[in-house]
Amino acid sequence: MSNHELPEYLSQGEPPRLFSVLSDTSKEKRTMAAFLSCMARVQILAEELLKSANQKIGKRCKIECYVEVVPSILPDDRNLRPDGMIVLRIGKREWKAIFEVKIGKNQLDKSQIEDYRNLARANGIDCLITISNQFTTVPTSHPIESVRKSRSKIPVIHWSWMHVLTTVDLLISAEGNSNKDFIFLLNELRRFLAHESAGVRGFDQMPREWTELNKFISAGGDIATQPDEAQIILGAWHQEIRDLSLALSRMTATPVTIKLPRKHFLNTDLRFQSELANLCSKRQLAVALDIPGAAAPIDIVADLARRCVDIGMTLNAPRNKKTTKARVNWLLRQIKTSELDNLHLRITWENSKGFTQHSLLDIEKNNDLVDEFKLNSVPKNFHLFESNCLGIRFTQQRNFIKDLEQLVPDFYDKVGVHLTAWQRPAPKIIENKSEPSDVTPESISEEADSFAIDT
């Protein structure tokens, strides 16, 4: 593209090529060219990804993408070259974002991000988008703390490459996408990103502090005395659960999200401090994953003291069943697996504090067991969970991640997918009010006159 065709805010730029001729040493540029080429041509991809930047893309929207860009105004005459740029044009309105991209093990650099923020501000660019193999819970929460806490007016949106790959995968799987050309391009992008040469990686190991902190706990140490190590581990846990949610999204062809209280969703620092306190006091890492259509979120607890991973789901007991046995049987009928060795049932009771817990094997042998100490109450909630004690593998950086990413989908496949949440039955028509004449004002007046309260 010659310079006179460029918009006024660019002094240099080229349209991205789907089939790049760049050398193997230019992996970032090659990956970015293929990605932005699809963004420019497949509107549903741009629409889905740019939701995180609060951009709605309709039929009238024109999308332009550039690589090898040099903005017209360079602060301090520095040679700053963003990896790419996307422009949305809707009538006279324009929205512009520049990209900073890393692949493989390369990490984003906070000073470079601030330079690009200054570059964006000088050229009237609305947003900076970073892409790397680092993970965040939501795109508006950046993996670099100083970027996340910055008061700059230029927002920074972050996508992991796995987030991009998962979005492409879900769009291909979605019903209603009948444009064969778009599906073909999306599949080619999926094939490209999934190949090892693209440099897209999942989260595959905990940091070395993971092994050290586990040894420290085994020796009776207090996590609160190791604040730096605890923060590093919590940050790694956040990356892993995001990667796990994306993997489950691809497995189920539906967007799996991390379930957070609203205050934690809006304030990532508050969430971090709350979970850090839980790690220090309970020696646990915990999360809930929300699968659309499932009976309940999947609760995951990594217990450092026990070296166990507990995976479960909590269901309300059916209120229309009056006895403990009937309520428990309602749940047991939904369990289709014969592998009961690690399955446990924790029951909270109406009008009672605390809980009772039994293995499913014991309950199967003696259904009356659950009612033994709660004769004057009935179950309120059921927490059905699998407890997996991993031993030394729990403390190992790679094996912990490997086991976790195997155990969670396995639990959902053999237990969670078969569970159904209880729903209150639809109200029936009352026997003595089955005719329209039974509910006229005159009939209601007669009923009111004859109404009596037992004393």
Side-chain angles (χ1 to χ4, degrees), residues 248 251-254 256-257 259 284 286-303 306 308-390 404 406-432 434:
L248 280 170
M251 288 177 175
T252 60
T254 189
V256 177
T257 56
K259 187 175 177 62
Q284 292 179 345
V287 70
L289 298 182
D290 200 0
I291 301 180
I298 300 178
D299 298 313
I300 305 167
V301 177
D303 192 314
R306 295 165 47 230
C308 293
V309 174
D310 295 343
I311 307 162
M313 299 170 72
T314 300
L315 277 66
N316 291 330
R319 301 294 188 263
N320 61 331
K321 299 187 182 298
K322 303 303 181 183
T323 67
T324 294
K325 187 172 183 178
R327 293 189 178 193
V328 171
N329 284 337
W330 169 85
L331 178 67
L332 295 180
R333 282 193 295 270
Q334 299 185 49
I335 299 171
K336 306 302 181 183
T337 180
S338 59
E339 301 174 25
L340 305 179
D341 293 354
N342 292 331
L343 283 176
H344 304 268
L345 181 60
R346 183 177 298 157
I347 303 175
T348 56
W349 299 82
E350 291 186 359
N351 306 318
S352 177
K353 294 182 179 180
F355 62 86
T356 59
Q357 180 175 309
H358 301 280
S359 75
L360 238 61
L361 280 175
D362 291 340
I363 294 174
E364 193 176 58
K365 294 175 185 176
N366 180 10
N367 199 316
D368 295 329
L369 184 66
V370 296
D371 206 16
E372 187 174 349
F373 301 107
K374 296 289 180 180
L375 297 178
N376 298 319
S377 187
V378 289
K380 179 181 179 181
N381 296 310
F382 296 124
H383 180 64
L384 181 64
F385 70 101
E386 182 180 71
S387 186
N388 303 278
C389 294
L390 305 181
L404 182 67
Q406 182 67 50
L407 291 168
V408 174
D410 281 355
F411 173 84
Y412 181 69
D413 187 49
K414 74 180 183 183
V415 178
V417 75
H418 301 292
L419 298 180
T420 302
W422 176 75
Q423 290 184 324
R424 188 177 298 278
K428 298 178 180 179
I429 292 179
I430 300 172
E431 186 176 348
N432 63 349
S434 59

I need the [X] [atom1] to [Y] [atom2] distance, nearest 0.5 Å.
{"X": "Glu339", "Y": "Leu360", "atom1": "CD", "atom2": "CG", "value": "12.5 Å"}
{"X": "Ile291", "Y": "Tyr412", "atom1": "CD1", "atom2": "OH", "value": "4.5 Å"}
{"X": "Ser377", "Y": "Ile347", "atom1": "OG", "atom2": "CD1", "value": "10.0 Å"}
{"X": "Leu384", "Y": "Leu343", "atom1": "CG", "atom2": "CG", "value": "5.5 Å"}
{"X": "Asp290", "Y": "Leu248", "atom1": "CG", "atom2": "CG", "value": "11.5 Å"}
{"X": "Lys414", "Y": "Ile335", "atom1": "NZ", "atom2": "CD1", "value": "11.0 Å"}

_Any donor-acceptor N/O pair, Arg327 side chain to Ala317 backbone, under 3.5 Å_ =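 Answer holds: no.
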*State whether the side chain of Asp413 and the backbone N or O of Pro409 hold a donor-acceptor pair below 3.5 Å, judged by distance alone.*
no
Heavy-atom check, side chain of [X] versus side chain of [Y], under 4.5 Å:
{"X": "Thr356", "Y": "Trp349", "value": "yes"}
{"X": "Val256", "Y": "Ile298", "value": "no"}
{"X": "Thr323", "Y": "Val378", "value": "no"}
{"X": "Thr314", "Y": "Thr348", "value": "no"}
{"X": "Glu364", "Y": "Leu340", "value": "yes"}

*Might you point out which heavy atoms bring Ala294 and Met313 nearest each other, and give the distance in Å?*
CB-CE, 4.4 Å
*Where Pro318 and Trp330 come nearest, the two heavy atoms and their spacing*: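 In this case the closest contact between Pro318 and Trp330 is CD-CE3, 3.4 Å.
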*Report the residue from Gln357, His358, His383 that forms a side chain to side chain donor-acceptor pair (under 3.5 Å) with Arg346.*
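Filter result, single survivor: Gln357.
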*asked:* Run the ring-ring contact (aromatic ring centres under 6.0 Å, His included) test against Phe382 and tell me which residues pass, sequence neighbours left out.
replied: none
*Check the side chains of Asn342 and Ser387 for a donor-acceptor pair under 3.5 angstrom, ignoring hydrogens and angles.*
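No.
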*Could you give me the CA-CA distance, side-chain angles and deciding distance for Lys380 and Glu350, then say whether side chain to side chain contact (heavy atoms under 4.5 Å, CB included) is met?*
CA-CA 5 Å; Lys380 179 181 179 181; Glu350 291 186 359; 3.7 Å; yes
*Passes side chain to side chain contact (heavy atoms under 4.5 Å, CB included), Phe355 versus Lys353? Steps please.*
CA-CA 7 Å; Phe355 62 86; Lys353 294 182 179 180; over 6 Å; no
